[in-house]
Amino acid sequence: MPSDWVGREHINDWVVSPKSFDYTEYMSTLTPDQIRELNSYSIYLEKPEHPVFTLADLKDPAKIEDCILAAKAVSQSPNEVVASSYFMRRIGMFFAMQLYNLAAYDEMWKGSDDNLRFGAIVEFGNRTISTFADDADWEMFEDHERQAAIRSVLQDAHAVITGIRTAVSISPLTLWENIFGFWLWQYHVLLSNPGTEMEARNDLDTLKNDEVWIDIASRSRFASYLHDSEPSSLLNTTVRTTCCFSKDVPGLMQCGFCPLK
């Protein structure tokens, strides 16, 4: 755990809000539109003022329990199961934006695990954990590299989910569905846009291909989630089969399409 982590006993001592970027002064290889899109998914291009852990920590069996306790403290979740699901939704936005960037810009984040940081901030009045990255870590991908790029996202998600489940008894389906909800919406958007339709279709087909899930699952979990339907046809329906526990996190509400309703 970073030496300057706020700590559970000091959780009420800070209030930090996301910064507003001055795009005329901020030098970046990403466009202002890309930065705004990242920010909308709680991904920021700066160092967190209150770091809690890194992607490397999440993959380290010796540190995962502390990571979950940190997520529990920041979110004020009642237990580790709720905290784990809550955090998976937060990092799920990062995995979603990875694939969005690939379809929209032929780019993805490809930095070191130590360089993807998570920090405690306040968003919309709620204490939460957001993602902080270095803009220099976004790279272009050629068409022949897309499948490997998508598989790398799946491998990162699988590593985090596997790590969480070594410390907490929670269904892997719950954690995967926390990611899939974002993918469902974004592929609806990307497939509806003539400028991104072709790339999104190819990427979606890759995600539905069992081959890209080898050593992660016996078949494509995302294909199972979609039930052979188009993303757009599943909007406003109860797609997921497990509860994400957002109803148990202070400041959040039950999802509108919770299967428990």
Side-chain angles (χ1 to χ4, degrees), residues 16-49 51 54-55 88-113 115-126 128-154 156-157 178-207 222 230-232 234-235:
V16 183
S17 298
K19 294 180 179 178
S20 297
F21 281 105
D22 183 344
Y23 296 104
T24 62
E25 297 180 2
Y26 185 73
M27 300 300 294
S28 172
T29 58
L30 302 174
T31 67
D33 281 345
Q34 285 177 281
I35 295 172
R36 277 189 284 267
E37 288 166 354
L38 290 170
N39 291 171
S40 72
Y41 272 67
S42 297
I43 302 166
Y44 303 103
L45 304 179
E46 59 187 87
K47 290 184 178 180
E49 293 186 30
T54 67
L55 181 58
M88 205 65 213
R89 287 173 63 88
R90 300 300 293 177
I91 194 174
M93 289 192 288
F94 173 74
F95 295 136
M97 281 306 297
Q98 283 280 73
L99 298 184
Y100 180 88
N101 281 186
L102 184 63
Y105 304 107
D106 297 323
E107 291 183 351
M108 274 190 2
W109 177 89
K110 194 171 174 58
S112 70
D113 290 351
N115 212 29
L116 191 70
R117 300 170 293 272
F118 298 89
I121 67 173
V122 169
E123 286 183 348
F124 307 109
N126 295 323
T128 192
I129 294 177
S130 291
T131 307
F132 295 80
D134 188 334
D135 71 295
D137 287 334
W138 263 260
E139 296 183 9
M140 297 289 295
F141 285 83
E142 302 293 336
D143 286 346
H144 69 275
E145 299 175 304
R146 295 181 82 91
Q147 179 167 321
I150 291 171
R151 179 166 168 79
S152 72
V153 174
L154 294 176
D156 278 343
N178 287 1
I179 302 172
F180 294 163
F182 296 116
W183 288 356
L184 175 67
W185 169 256
Q186 76 178 29
Y187 279 109
H188 155 69
V189 173
L190 291 165
L191 291 169
S192 301
N193 182 345
T196 55
E197 181 181 8
M198 182 176 70
E199 291 82 359
R201 175 61 64 190
N202 291 336
D203 294 347
L204 179 59
D205 287 344
T206 298
L207 281 171
F222 194 49
E230 283 291 296
S232 295
L234 295 174
L235 295 181

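Counting only heavy atoms from C-beta outward, the side chains of T54 and D113 never approach each other to under 4.5 Å. The shortest distance between side-chain heavy atoms of N39 and Y44 falls below 4.5 Å. A heavy-atom distance below 4.5 Å is not found between the side chains of V153 and L102. Within the 4.5 Å cutoff, side-chain heavy atoms of L38 are placed close to those of N101. Counting heavy atoms from C-beta outward, I91 and I129 have side chains that stay 4.5 Å or more apart. At least one side-chain heavy atom of E46 sits under 4.5 Å from a side-chain heavy atom of F132. Side-chain contact check for Y100 versus M93: every heavy-atom pair is 4.5 Å or farther apart.
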In residues 182-191, what donor-acceptor pairs under 3.5 Å come from side-chain atoms, sequence neighbours left out?
residue	atom	partner	partner atom	Å
Q186	NE2	A96	O	3.0
H188	ND1	S232	OG	2.7

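Of the inter-residue distances, the one linking T131 atom OG1 with M97 atom CE reads 11.0 Å to the nearest 0.5 angstrom. Remark: S152 OG to K110 NZ distance equals 5.5 Å, nearest 0.5 Å. Atom CZ of F180 is separated from atom CG of L207 by 8.5 Å, given to the nearest 0.5 angstrom. From L154, atom CG reaches atom CZ of F222 across 10.0 Å, with rounding to the nearest 0.5 Å. Rounded to the nearest 0.5 Å, atoms CD (E37) and CD1 (I43) are 10.5 Å apart.
Applying the side-chain contact (heavy atoms from CB on, under 4.5 Å) test to N202 and every residue at least two apart in sequence or in another chain returns M198. Scanning for side-chain hydrogen bond (donor to acceptor under 3.5 Å, both in side chains) contacts around Y41 gives an empty result, with sequence neighbours left out. Listed by chain and residue number, T196 satisfy the side-chain contact (heavy atoms from CB on, under 4.5 Å) test with N193 (two or more places apart in sequence, or in another chain). Among residues two or more places apart in sequence or in another chain, the side-chain hydrogen bond (donor to acceptor under 3.5 Å, both in side chains) test is passed with D134 by none. In terms of the ring pair (Phe, Tyr, Trp, His ring centres under 6.0 Å) criterion, residue partners of F94 (sequence neighbours excluded) are, by chain and number, W109.
Evaluation of the salt bridge (charged side-chain N to carboxylate O under 4.0 Å, His left out) test over residues 88-105, restricted to residues two or more places apart or in two chains, returns R90-E123. Residue pairs meeting the salt bridge (charged side-chain N to carboxylate O under 4.0 Å, His left out) criterion with at least one partner in residues 182-205, sequence neighbours excluded, are R146-D203, R201-E230. Sorted pairs that involve residues 94-105 and meet salt bridge (charged side-chain N to carboxylate O under 4.0 Å, His left out), not counting sequence neighbours, are lacking altogether.
Nearest heavy atom pair, residue R117 against residue N115, reads NH1-OD1, 2.8 Å. Across all non-hydrogen atoms, the minimal contact from S130 to I121 is OG-CD1, 3.3 Å. A pairwise comparison of heavy atoms in G119 and P48 identifies CA-CB, 3.8 Å as the closest pair.
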